[in-house]
Protein chains: 2
Amino acid sequence: MPRKLSALDPQRLDNQICFAVYSAAHAFNRVYKPLLDRLGLTYPQYLVMLVLWERDDVPVKDIGEKLFLDSGTLTPLLKRLEAAHLVRRTRSSEDERQVLISLTPQGHALKEKARAVPQSILAASDCSVSELVAMKDEIVALRDRLNAVIGE
Amino acid sequence: MPRKLSALDPQRLDNQICFAVYSAAHAFNRVYKPLLDRLGLTYPQYLVMLVLWERDDVPVKDIGEKLFLDSGTLTPLLKRLEAAHLVRRTRSSEDERQVLISLTPQGHALKEKARAVPQSILAASDCSVSELVAMKDEIVALRDRLNAVIGE
DNA sequence: CCGCATTCAATTGCGAACAATTAAATGTGA
DNA sequence: TCACATTTAATTGTTCGCAATTGAATGCGG
């Protein structure tokens, strides 16, 4: 009978990388919360703003592809950003199916106020930049392998 | 003016480890979905079952500490597991404030049916066990450092 | 023993996340 | 041109996740 096999038991919570990732995501969320509260954003809203700060006037679909989110998540989220006067939602005239998301002046201005956020996160990570970059690349590679098997 | 600094821009989406973790968590969720559907569980419910398969008759608080979740999340989730006849919820007689969660026979039996899940995830990860263990340990260490700064 | 803080679960309200469906616009083939 | 499939958002319904509050049980100091 196994006695000290717990360190190898694949059915054990602490041996599962998925739980490590899951709980790390929540930990990030909790660290971000007070920083983003000051900006009036939730974390997913912050991600959308990051996308828009890189490229403005983007269809909902493109945002979804960048963030791996669908319209069921994005539509209400974008309506809240619109209600907060950070973005505008306009039907494309070329393709009436698309809704283009563009930044308002307030949305643009928020980028400056958000500049300190990544530094705060880096500090909370208590880790060198190079270590974080290496981890990030590994996690992204894992994510992409997982996403690859979704469509069989 | 910066031209090719995007690889260093800390405000760029793809440079943020938090987004890597966030999107990897969702990717795991999508891979788990079809596997857990067969067990009639969601991913957070599966995590609770993993805890209970390790130790039965646990107060809600202990489950919350293991999974970093609070009663606002766990109470309704546990009620759904109870409705599915996988767990029982009983007030502790020693301390009437506590609700003890115990497995039903069906709940116990589900552990066998769930045995194949970690292997499927490993296969989807397309990665050696030792690599995954190393990544897991790094991510857990990062998570614990993040959680450490929450309470200042 | 009593008053009071603490602990624990439950509740309420809001914002994701996603499956499934709907509806409108567009593209394509006969 | 017209039937039909595809694309794109929006909608509906269920489940998380958490902040804030509530209420009951417990523990502690005086």
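Computed from a predicted model, the values in this text were never measured in an experiment. First the proteins, then the strands, lettered A, B, ... as listed; each starts at 1.
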Sequence-distant partners of [X], side-chain contact (heavy atoms from CB on, under 4.5 Å), two or more places apart:
| X | result |
| --- | --- |
| D62(B) | R55(B), V58(B), P59(B) |
| E65(A) | K61(A) |
| E96(B) | R91(B) |
| S130(B) | S128(B) |

(message) For F28(A) and Y43(A), I'd like to know if the aromatic rings sit close, meaning centre-to-centre distance below 6.0 Å.
(response)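 No; Y43(A) has its ring centre 6.0 Å or more from that of F28(A).
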(message) Please give me every residue in residues 18-33 of chain A whose heavy atoms get under 4.0 Å of an atom in DNA chain C, ordered by residue number.
(response)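 When residues 18-33 of chain A is checked for heavy atoms under 4.0 Å from DNA chain C, there are no hits whatsoever.
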(message) Contact list please: residues 34-45 of chain A against DNA chain C, heavy atoms, distance less than 4.0 Å, in numerical order.
(response)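 Under 4.0 Å from DNA chain C: T42(A), P44(A), Q45(A).
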(message) Enumerate the side-chain hydrogen bond (donor to acceptor under 3.5 Å, both in side chains) contacts for residues 111-127 of chain B, please, sequence neighbours excluded, ordered by first and then second residue.
(response)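 Counting only pairs at least two positions apart or across chains, the side-chain hydrogen bond (donor to acceptor under 3.5 Å, both in side chains) contacts touching residues 111-127 of chain B are E112(B)-R115(B).
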Quick one: list whatever passes side-chain hydrogen bond (donor to acceptor under 3.5 Å, both in side chains) with [X], sequence neighbours left out.
| X | answer |
| --- | --- |
| Q16(A) | Y32(B) |
| R97(B) | D95(B) |
| Y46(A) | none |

(message) Can you build the contact string for nucleotides 1-13 of chain C? Use B for base contact, S for sugar-phosphate-only contact, and - for no protein heavy atom under 4.0 Å.
(response) ------BSBBB--
(request) Output every pair passing ring-ring contact (aromatic ring centres under 6.0 Å, His included) with a member in residues 53-101 of chain A, not counting sequence neighbours, ordered by first then second residue. (result)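 Qualifying pairs: none.
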(request) Could you check how far CD1 of I101(A) sits from C1' of dA9(D), rounded to whole Å? (result)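 The answer, rounded to whole Å, is 10 Å.
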